[in-house]
Protein chains: 2
Amino acid sequence: MRIGELSRRTGVPTRMLRYYEEQDLLHPERTGNGYRVYGEPAVYRVQQIRGLLDSGLTTEIIRRILPFLNKPDEIHLHPECLTPETAALLRGEAERIQQRIDCLARNRDAIHAYLAVVQPGAPPGPPTGQT
Amino acid sequence: MRIGELSRRTGVPTRMLRYYEEQDLLHPERTGNGYRVYGEPAVYRVQQIRGLLDSGLTTEIIRRILPFLNKPDEIHLHPECLTPETAALLRGEAERIQQRIDCLARNRDAIHAYLAVVQPGAPPGPPTGQT
DNA sequence: TGAAACGTTCACATCAATGTGAAGGCAACT
DNA sequence: AGTTGCCTTCACATTGATGTGAACGTTTCA
């Protein structure tokens, strides 16, 4: 698919898709006339990038860990490609990610606890409780 | 304590502490000569702000949810203070936070799965495994 | 008293992510 | 052929979070 369709399917402006490519996060093919062409997996990949950016990771970090973030059933990188430095980087980032998770979970719980106190009877789950 | 000590104890530059105040996230007292004076709870509050900022929340969002993020044992806001709009905001933000958590957890797991495949024998936990 | 360490405000600079628009080529359909 | 819509690159602007420094008052301590 071309950039427009990818944009529509992900909700990410084309400007950003080009930016992510410039940042080495996406690597679309090109047709004869220079148009970018993306494969189907690009949709998930873009969503993944967006989620990580939204969670405070920088494009630089994402670029470095993205190659290792695929499903284990499609591990294409041979272990030889993993230098000790890279392993340390991955462990370090996993830890920083965990810290974010802890912080977010703490505050999510605090919000739910507050709502539970002032509005007993509304479950903390998906139901928005409009009615 | 004054701004310098708070900075030392949190690792956050004084510049940022002043900025957070400008953004209405901190509200220190002032001494006669204009010096900011922070209470002990400010330490935790600054760490909380940092964690949330680091996790992708903006100062604007933090400002709006911060009053509700304290321990339930010190709930000072009467339920009357909670308008339906505020409740909806809180639920919405809790959901956005949950999405971040899910995304981060997914990718943390992917990193651990990768490490487990290429380096069997190293636990995914805290031990950095330098030796 | 004078230096050192701290505080204040104000202002300008940077950096990453994103918005926006110009100028032009390509594709499809009427 | 012309119009409409998508694509290209280039470039400048904005926004939020930070860095940095000037100019100046305060506290502390030798």
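On a predicted model such as this, the values are computed, not experimentally measured, just so you know. Chain letters run A, B, ... following the sequence lines, proteins first, then strands; residues in each count from 1.
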Is R30(A) salt-bridged to E21(A), cutoff N-O under 4.0 Å?
yes

OP1 or OP2 of dG7(C) versus the side-chain N and O atoms of R15(B): is any pair under 4.0 Å?
no

So, R9(B) and Y38(B): side-chain donor and acceptor under 3.5 Å apart, yes or no?
no

Taking every heavy atom of L69(B) against every heavy atom of I65(B), the minimum-distance pair comes out as CG-O, 3.3 Å

I need the CZ-P distance between R63(A) and dA16(C), as an integer number of Å.
10 Å

If you look at every strand shown and take non-hydrogen atoms under 4.0 Å, does R36(A) touch a base, only sugar-phosphate, or nothing?
sugar-phosphate

What is the nucleic acid contact for T14(B), judged by heavy atoms within less than 4.0 Å: base, sugar-phosphate only, or nothing?
nothing

Please report the distance, rounded to the nearest Å, between CD in E60(A) and C1' in dC15(C).
12 Å

Is E95(B) salt-bridged to R91(B), going by a charged N under 4.0 Å from an acidic O?
no

Output the rounded distance in Å from CG (L52(A)) to P (dA16(C)).
18 Å

Between C1' of dG7(C) and CG of L17(B), the distance in whole Å
13 Å

When you check the phosphate oxygens OP1 and OP2 of dA27(C), does a side-chain N or O of N33(A) lie under 4.0 Å from one of them?
yes

Give the rounded distance in Å between these two atoms: CG of L6(B) and P of dG7(C).
10 Å

Using atom types as modelled and distance alone, determine if a side-chain donor or acceptor of S7(B) lies under 3.5 Å from a backbone N or O of I3(B).
no

Rounded to whole Å, CD1 of I61(A) lies from P of dA16(C) at a distance of 12 Å

L26(A) CG to dA17(C) P, straight-line distance once rounded to whole Å
14 Å

Would you kindly give the OH-to-P distance between Y19(B) and dC10(C), to the nearest whole Å?
17 Å

Would you sort out whether R63(B) and E22(B) count as a salt bridge (charged side-chain N to carboxylate O under 4.0 Å, His left out), showing the intermediate values?
CA-CA 11 Å; R63(B) 180 189 333 121; E22(B) 185 186 313; over 6 Å; no

Just to be sure I understand the rule, does R2(A) reach a base, reach only the sugar-phosphate, or reach nothing, if contact means heavy atoms closer than 4.0 Å?
sugar-phosphate

Closest-nucleotide ordering on DNA chain D, the 5'-leading residue of Y35(B) and R50(B):
R50(B)

Need to verify one output field. Residue with the more 5' nearest nucleotide on DNA chain C, R18(B) or Q23(A)?
R18(B)

Are there more than 12 heavy atoms of other residues, nucleotides or ligands under 6.0 Å from atom CZ of R96(B)?
no

For dT18(C), take OP1 and OP2 only and decide whether either is under 4.0 Å from a side-chain N or O of Y20(A).
yes

Span of DNA chain D engaged by chain A, first through last nucleotide within the 4.0 Å heavy-atom cut-off, is dC6(D) to dA11(D)

Pick the nucleotide of DNA chain D nearest each of T31(B) and L53(B); which residue has the one closer to the 5' end?
L53(B)

